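Below is one structure; the comments refer to it alone.
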Amino acid sequence: MTASFFRMALILGLLSAIGPFAIDMYLPALPSIGQDLHADNNVTQLTLLAFFISFALAQLVYGPLSDMWGRKMPLYLGIGIFAVASIGCALSTNIETLIAFRFVQGIGGAAGMVIPRAIVRDMHTGVQAARLMSLLMLVFSISPILAPLTGSAVIEFYGWRGVFWAVTIAAFIGLVLLATQLEETRPARERSGSGLKSAMTAYRLLLADRNFLTLTFIGGLGISSFLVYLANSPFVLIQHYGLTPTEYSFAFSINAVSFFAVSQATGWLGERFGLVRVMRIAVSAFALAMVVMAVVMAAGFNQLPVMASFLFIGYGFLGLVIPTSAVLALEDHGAIAGTASSLMGTLHFVIAAVAMVISSLFFDGTAVPMAAGIALCAFAAFVLTQATIGRRAAVAAAE
């Protein structure tokens with residue numbers, strides 16, 4: 001792999017991480033935000049949910065825009081909105097205002113989630129695309145590793161508002177990278193047929209594509225398992241297990257290390273065994289680890305080291321599921337890669353938002369409901385894989 005390959009992965013990964021950085025960095029501050037703004041845990045969690053809802057829905061817009069305008073212009077728009085909303089979050093004086101600005105922040109952050117995936121598809125397909133996607137995710141994974149640690153340090157010196165000033169700076173760095181380091185990958189000649197009508201046609205085509213939807217839902221259920229953990233873990237680890245914000249940041253980061261380390265084997269495994277086979281085995285192992293974790297914890301072995309060990313193993317296998325499912329879903333849709341990436345991202349986060357809402361209804365401050373929610377997402381991904389991808393693979397092998 002050339003230096004330019006790694007350079008592109010670095011730039012796209014950093015742009016992708018701007019939105020999630022605004023989630024991961026302020027996770028250690030959730031309890032203190034609630035105390036400062038006089039809101040209970042459920043209301044404070046709405047600052048996460050508001051971000052996810054707008055983050056999901058806005059992706060439907062950025063994909064078609066990137067097919068029509070090219071990849072760079074919508075990125076400028078999204079990161080600019082994100083920066084302005086981050087300033088609003090930092091200046092919020094009540095929980096309602098913070099929730100509103102978090103919603104706007106999600107609208108801006110969605111651009112960085114959608115468009116880099118489309119750029120990957122512009123440049124590569126197959127195993128090469130999987131390699132670039134996994135490298136992108138390596139950089140992207142810096143967010144859940146460094147962001148909570150950085151957030152806890154910022155909170156210690158500047159309070160939770162300092163987190164939003166920090167992500168504002170990150171947004172401006174993203175704009176500089178976009179202006180100076182990223183070339184347009186969708187030339188004007190390829191945009192000529194793109195418009196509102198073609199976007200609607202593309203969405204109809206994608207919604208009728210069972211393979212695209214299946215792979216998207218498998219990836220979405222995997223992401224949901226992580227976001228259920230993300231939404232509940234600050235309260236479980238800090239308030240239930242008694243970790244400090246800094247200790248929580250280290251505990252949270254360990255799962256991200258597992259995720260990105262295993263994801264780097266995607267290209268090699270895909271070349272050796274095929275991406276479909278890699279994904280099927282990874283989904284099975286991911287589901288097994290999470291279901292066993294939930295059963296063991298429900299049986300009374302719910303100590304933090306037990307949960308952390310299973311999460312480390314399960315999220316490692318998830319590091320193979322996410323890039324392979326995304327590459328396979330986009331494989332046949334190069335001409336509408338932006339729109340396909342949009343719909344994929346929206347469905348991922350709609351599924352995750354539903355999972356987060358359901359898990360919050362059963363949350364009692366302990367780890368068991370959270371573990372059960374994670375396991376249900378993983379098991380659903382396994383069932384869907386076996387019922388669709390697994391069955392098709394068996395038929396193909398028989399032929």
Side-chain angles (χ1 to χ4, degrees), residues 12 15-16 19 49-82 85 103-125 129 133 178 184-221 223-224 322 325-355 384 388-389:
L12 294 179
L15 291 174
S16 298
L49 186 59
F51 184 96
F52 283 125
I53 290 172
S54 62
F55 196 72
L57 296 178
Q59 291 185 52
L60 289 172
V61 177
Y62 285 114
L65 285 181
S66 75
D67 286 340
M68 290 186 282
W69 297 352
R71 308 306 186 200
K72 292 186 68 171
M73 187 60 68
L75 275 171
Y76 280 121
L77 175 65
I79 298 174
I81 292 171
F82 178 89
F103 186 86
V104 178
Q105 195 182 41
I107 292 173
M113 184 59 67
V114 172
I115 299 173
R117 278 198 305 251
I119 292 173
V120 170
R121 180 56 185 80
D122 288 342
M123 300 175 67
H124 299 287
T125 59
M133 190 75 77
L178 178 58
E184 179 60 62
T185 59
R186 186 170 174 83
R189 66 179 181 277
E190 294 181 8
R191 307 175 211 162
S192 58
S194 299
L196 181 60
K197 183 178 179 180
S198 64
M200 294 301 102
T201 300
Y203 278 130
R204 284 196 296 271
L205 172 68
L206 292 165
L207 289 171
D209 185 339
R210 183 177 298 180
N211 185 62
F212 173 84
L213 291 177
T214 296
L215 291 161
T216 295
F217 270 79
I218 291 168
L221 287 164
I223 290 172
S224 297
I322 302 302
S325 62
V327 168
L328 289 168
L330 295 175
E331 191 78 27
D332 298 328
H333 299 291
I336 53 171
T339 304
S341 181
S342 281
L343 184 58
M344 177 191 297
T346 294
L347 291 175
H348 279 175
F349 282 92
V350 166
I351 296 166
V354 171
L384 184 58
T388 55
I389 306 297

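Remember, predicted model here, so these are calculated numbers, not experimental data.
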To the nearest 0.5 Å, what is the distance between [atom1] ([X]) and [atom2] ([Y])?
X      : Y      : atom1 : atom2 : answer
Met73  : Tyr76  : CE    : OH    : 7.5 Å
Leu221 : Thr216 : CG    : OG1   : 11.0 Å
Leu60  : Thr346 : CG    : OG1   : 3.5 Å
Leu206 : Leu213 : CG    : CG    : 8.0 Å

Main-chain N/O of Ile223 paired to His348 side chain as donor or acceptor, under 3.5 Å = no
request  = Output yes when a side-chain donor or acceptor of Ser325 lies under 3.5 Å from a complementary backbone atom of Ile218, and no otherwise.
outcome  = no
For [X] and [Y], work out which heavy atoms get closest and say how close.
X      : Y      : result
Leu343 : Phe212 : CD2-CE2, 3.8 Å
Ala329 : Met344 : CB-CE, 3.5 Å
Gly70  : Pro74  : O-CD, 3.1 Å
Ser54  : Phe103 : OG-O, 2.6 Å
Ile322 : Gly219 : CD1-O, 3.6 Å
Arg71  : Ile119 : CG-CG1, 3.8 Å

query = Mind checking what makes side-chain contact (heavy atoms from CB on, under 4.5 Å) contact with Phe217, not counting sequence neighbours?
reply = Leu347, Ile351, Leu384
Can you give me every donor-acceptor pair (side chain of residues 104-115, partner residue at least two apart or in another chain, under 3.5 Å) with its distance?
residue	atom	partner	partner atom	Å
Gln105	OE1	Arg102	NH1	2.6
Gln105	NE2	Ser86	OG	2.8

ask   = Is there a side-chain contact (heavy atoms from CB on, under 4.5 Å) between Ile79 and Leu15 once you walk through the steps?
value = CA-CA 9 Å; Ile79 298 174; Leu15 291 174; 3.9 Å; yes
